[in-house]
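Working notes, beginning with the structure itself.
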Amino acid sequence: MEREPSRPATGEPAAGAAVPEEPLPPRPSIWLAAEEPAKPARSAARNGLDRERITEASVRLLDAEGLAKFSMRRLAGEMGVTAMSLYWYVDTKDDLLELALDAVFDELAGAGTDGEADDWRAELRALSAGYRALLVRHPWASALAGTYLNIGPHSMAFARRLRQVLARTGLGPERQQGAMEAVSQFVYGFGTAEGHYVERSREAGMTQDAYFRHAMGSIRRHPDLEGDFTEPGRLRAERGGHTVEEMRERDFATALDLLVAGIEAMVAREE
């Protein structure tokens, strides 16, 4: 007589056996976290910590040393506390980085124009300039914005303002999201590249202009590239400006003019 198998042939658990729970997917964002029981309170007077202070210190450390060197242990050392004490206020390093990212978006609260609320073009330029400046001041922010959902309250407030401006352009609702992508992705790319250039120049111990001359000189000596780049002085003259920063300002303004012109052309075509 054959013995009854202890498990069904299908590989499913035998009757009455405990079914292992499916692992929960990772939480996509701290801003989507369900309400959790509060951790036991710790005396703020005793350790001087709270989430806001930890976030502010994180932003300062990220600005000073960059994303690659950031760690909870390094942050704790900077604040004069233990790494474990930080976890009373945030669950993970990712949570803290999301908080830091949204904190810098609060700098855009005042971005915009004064007295020109009816001029969507001026408002769009002002918001774009503010976003670009943020990415240059905080080069690490672009990497985090591309990693996390970036749906914190300050980030979303900026996105709503940009959406409201584009709603005044005359574009149909079905076109407005595309316009928002065109503007935001352009500024994100421009500001990210500019921030990296500024950071690279600083790390080399050179001004932006000196680094530009050094890089262009090296390129012109490369046989496969020398014909693709003009002499630095001529390049500055062609692009308008005597310095790298002046060239960049003109490039940014020209690109925004092209985006505005494209929106205007599409609105005119739809009328």
Side-chain angles (χ1 to χ4, degrees), residues 29 59 62-63 66-68 70 97-98 100-108 111-112 120-152 154-166 169 171 175-204 208-209 211-212 215-216 219 225 228-230 235-236 238-241 243-266:
S29 171
V59 170
L62 286 162
D63 284 345
L67 183 58
F70 183 84
L97 290 174
E98 278 198 88
L101 175 62
D102 194 63
V104 297
F105 268 84
D106 189 34
E107 298 172 12
L108 297 177
W120 66 262
R121 298 163 187 81
E123 186 76 4
L124 183 64
R125 289 187 175 96
L127 290 175
S128 298
Y131 184 25
R132 169 196 170 195
L134 180 149
L135 294 168
V136 175
R137 281 193 303 272
H138 310 289
W140 50 270
S142 62
L144 296 186
T147 300
Y148 301 116
L149 291 181
N150 199 18
I151 54 173
H154 297 124
S155 174
M156 293 307 299
F158 176 72
R160 291 187 194 101
R161 289 184 64 196
L162 182 56
R163 194 173 292 114
Q164 289 165 1
V165 170
L166 292 170
T169 61
L171 284 172
R175 306 277 193 189
Q176 291 173 20
Q177 183 59 37
M180 185 163 181
E181 292 293 334
V183 173
S184 61
Q185 293 298 330
F186 155 66
V187 179
Y188 175 81
F190 194 102
T192 296
E194 181 179 1
H196 290 335
Y197 181 87
V198 172
E199 194 172 32
R200 197 157 52 245
S201 300
R202 184 171 58 245
E203 289 173 352
Q208 293 186 52
D209 292 316
Y211 188 84
F212 175 77
M216 291 298 294
I219 288 172
L225 297 173
D228 296 318
F229 293 86
T230 59
L235 181 61
R236 285 195 294 268
E238 289 175 348
R239 290 170 65 183
T243 68
V244 169
E245 291 180 88
E246 289 174 353
M247 276 194 302
R248 198 183 291 125
E249 288 300 324
R250 178 164 180 170
D251 289 346
F252 187 76
T254 298
L256 272 181
D257 285 344
L258 290 170
L259 284 170
V260 168
I263 292 172
E264 291 173 331
M266 185 163 285

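When reading the values below, keep in mind they use all heavy atoms of this one structure, side chains included, and skip hydrogens, waters and symmetry mates.
Nearest heavy-atom pair across Leu62 and Ala100 is CD1-CB, 4.0 Å. The two residues Val165 and Leu127 make their nearest non-hydrogen contact at CG2-CD1, 3.8 Å. Contact between Leu166 and Ala179 at its shortest, heavy atoms only, is CD1-C, 4.0 Å. Closest approach of Leu135 to Val187, counting heavy atoms only: CD1-O, 3.7 Å. Contact record, Tyr188 with Ser142: OH-O, 2.6 Å, taken as the closest heavy-atom pair. Across all their heavy atoms, Met180 and Ala159 have their closest contact at CE-O, 3.4 Å.
Here the OG1-CZ distance, from Thr169 to Arg175, works out to 11.5 Å after rounding to the nearest 0.5 Å. Separation of atoms CG (Leu108) and CG (Leu162) is listed at 10.5 Å; rounding is to 0.5 Å. In this structure, OG in Ser29 is found 5.5 Å from CG in Leu149, a value given to the nearest 0.5 Å. Atom CG of residue Asp102 and atom CZ of residue Phe105 lie 8.0 Å apart, to the nearest 0.5 angstrom. The OH atom of Tyr148 sits 4.5 Å away from the CG atom of Leu97 when rounded to the nearest 0.5 Å. Expressed to the nearest 0.5 Å, how far CG of Asp209 lies from CD of Glu246 amounts to 8.5 Å.
No side-chain N or O of Thr243 forms a donor-acceptor pair with one of Gln208 less than 3.5 Å apart.
No side-chain heavy atom of Glu249 sits under 4.5 Å from any side-chain heavy atom of Glu245. Side-chain contact check for Trp140 versus Asp63: some heavy-atom pair is nearer than 4.5 Å. Inter-residue side-chain proximity for Arg121 and Glu264 is flagged as met; some heavy-atom pair is nearer than 4.5 Å.
One N or O on the side chain of Gln176 and one on the backbone of Leu171 form a donor-acceptor pair closer than 3.5 Å. When atom types are taken as modelled, the side chain of Ser128 and the backbone of Leu124 share a donor-acceptor pair closer than 3.5 angstrom. Between the side chain of Tyr211 and the main chain of Tyr197, no donor-acceptor pair closer than 3.5 Å is present.
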Quick one: do Glu123 and Arg161 satisfy side-chain contact (heavy atoms from CB on, under 4.5 Å)? Show the steps, please.
CA-CA 10 Å; Glu123 186 76 4; Arg161 289 184 64 196; 3.5 Å; yes
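Ionic pairing of Asp257 and Arg125 is present here: one or more N-O contacts between side-chain nitrogen and carboxylate oxygen are shorter than 4.0 angstrom.
Pairs passing the salt bridge (Lys or Arg N to Asp or Glu O under 4.0 Å) check and including a residue from residues 141-151, sequence neighbours excluded, do not occur. Pairs of residues two or more places apart, or lying in two chains, that qualify as salt bridge (Lys or Arg N to Asp or Glu O under 4.0 Å) and include a residue from residues 176-196 are Arg132-Glu194, Glu194-Arg248.
Classification of the Phe252-Phe186 ring pair by plane angle, with boundaries at 30° and 60°, yields parallel.
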